[in-house]
Amino acid sequence: MGGQADVSGLTNLDAVSKADVVVVTVPFSGLAETLRTIKPSFRQGQIVVNVTVPLETSVGGKATRTLSLWTGSAGEFAATLLPRGVKVVSAFNNVSAEVLGDSSKRVDCDILVCGDDEDAKRIVFGMVQALPGARAIDAGRLDNSRTIEQITALLVSLNIRYGTKSAGIRITGIATG
Ligand SMILES: NC(=O)c1ccc[n+]([C@@H]2O[C@H](COP(=O)([O-])OP(=O)(O)OC[C@H]3O[C@@H](n4cnc5c(N)ncnc54)[C@H](OP(=O)(O)O)[C@@H]3O)[C@@H](O)[C@H]2O)c1
């Protein structure tokens, strides 16, 4: 993590073929094409973590709006485009890039994780727990990504209203180990 990270560059196709977990975080408008181009590299049992949400923020003078581009979820959409046997988990949809980008600070939010494969979700919980301050919440099956992804629209509007870039969510009343 942070300064100790071991980072190397690969093409998307090579990165997918070498990875156990593939994190997809592109604008919704590029999601289908991105998955189509990397699809040949996937193998059975791989995990895809979908961060993409079907939103677009239009900024014009004082009128800043978050537009919903699709009524379904990007997580479910991704699952329809990937080979059978690839496990889609939605996570990190509600955490700001600003927050994740500064490894000197704690990630003061909960990360909702949903998906239809419990083992895949457990692996993603581990990714969340590697972020100091973040807490993974099991948000159930992948169809809950519809609700989770819409929370991002609210967070974007709160960021604008309160002049910040780091709004996130905390779930109270749940004790997690
Ligand atoms: N930013 C946040 O705080 C945040 C929080 C929660 C969820 N999300 C969601 O996460 C997704 C990515 O957000 P972001 O802010 O990281 O977006 P972004 O900075 O605009 O794009 C992320 C990366 O996607 C690649 N990309 C851009 N357009 C593409 C296209 N048409 N096809 C394929 N790749 C493309 C770009 O790679 P190259 O630079 O290599 O071109 C870029 O570095 C969005 O769906 C967003 O709603 C974002």
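Heavy-atom basis, side chains included; hydrogens, waters and symmetry copies ignored. Just so you know, residue 1 is the first one in the sequence shown, and it goes up from there. As the structure lists them, so they are numbered: ligands from 1, and atoms in each ligand from 1.
- With hydrogens left out, the protein atom closest to atom 13 (O) of ligand 1 is Thr25 OG1, 4.2 Å, a heavy atom.
- For the pair Leu31 and ligand 1, no heavy-atom separation below 4.0 Å is found.
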Residue pair Ser41, Ser17: steps toward the side-chain hydrogen bond (donor to acceptor under 3.5 Å, both in side chains) verdict: CA-CA 5 Å; Ser41 286; Ser17 68; 4.9 Å; no
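- Ligand-side atoms of ligand 1 in range of Asn93: 6 (C), 7 (C), range being under 4.0 angstrom from any heavy atom.
- The main-chain N or O of Arg84 is found under 3.5 Å from a side-chain atom of Gln44 such that the two form a donor-acceptor pair.
- Protein heavy atoms come within 4.0 Å of atom 31 (N) of ligand 1.
- In the model, Asn93 has no side-chain atom that pairs as donor or acceptor with a side-chain atom of Thr152 under 3.5 Å.
- Counting only heavy atoms of the protein, atom 3 (O) of ligand 1 lies nearest to Ala97 N, 2.8 Å.
- Val26 CG1, 3.6 Å is the protein heavy atom nearest to atom 34 (N) of ligand 1.
- In terms of polar-atom proximity, defined here as any N/O pair under 3.5 Å, Val53 does make such a contact with ligand 1.
- Under a 4.0 Å criterion applied to the non-hydrogen atoms of Val51, ligand 1 contributes the atoms 7 (C), 9 (C), 10 (O).
- Around the CZ atom of Arg106, the shell of radius 6.0 Å holds no more than 12 heavy atoms that belong to other residues, nucleotides or ligands.
- Under a hydrophobic-cluster definition in which Ile, Leu, Val, Met, Phe, Trp and Tyr are linked whenever side-chain heavy atoms come within less than 4.5 Å, directly or via other members, Ile47 and Leu10 are assigned to different clusters.
- Protein heavy atoms are absent from the 4.0 Å sphere centred on atom 43 (O) of ligand 1.
- The closest donor-acceptor contact from the side chain of Asp110 to the backbone of Ile137 lies at 3.5 Å or more, if one exists at all.
- Looking only at protein heavy atoms, the nearest one to atom 33 (C) of ligand 1 is Thr34 OG1, 3.2 Å.
- For atom 19 (O) of ligand 1, no protein non-hydrogen atom is found at a distance below 4.0 Å.
- Following chains of ILVMFWY side-chain contacts shorter than 4.5 Å, one cannot reach Val21 starting from Leu13, and the two form parts of different hydrophobic clusters.
- Val48 is connected to Val26 through a chain of hydrophobic side-chain contacts under 4.5 Å among Ile, Leu, Val, Met, Phe, Trp and Tyr, so both are in one cluster.
- Within ligand 1, the atoms closer than 4.0 Å to a non-hydrogen atom of Ser96 are 3 (O), numbered from 1 in the order shown.
- Of the protein's heavy atoms, none falls inside 4.0 Å of atom 37 (O) of ligand 1.
- Considering only non-hydrogen protein atoms, atom 5 (C) of ligand 1 sits nearest to Val95 O, 3.2 Å.
- Closest to atom 27 (C) of ligand 1 among all protein heavy atoms lies Pro27 CD, 3.4 Å.
- A donor-acceptor contact closer than 3.5 angstrom is absent between the side chains of Thr147 and Gln150.
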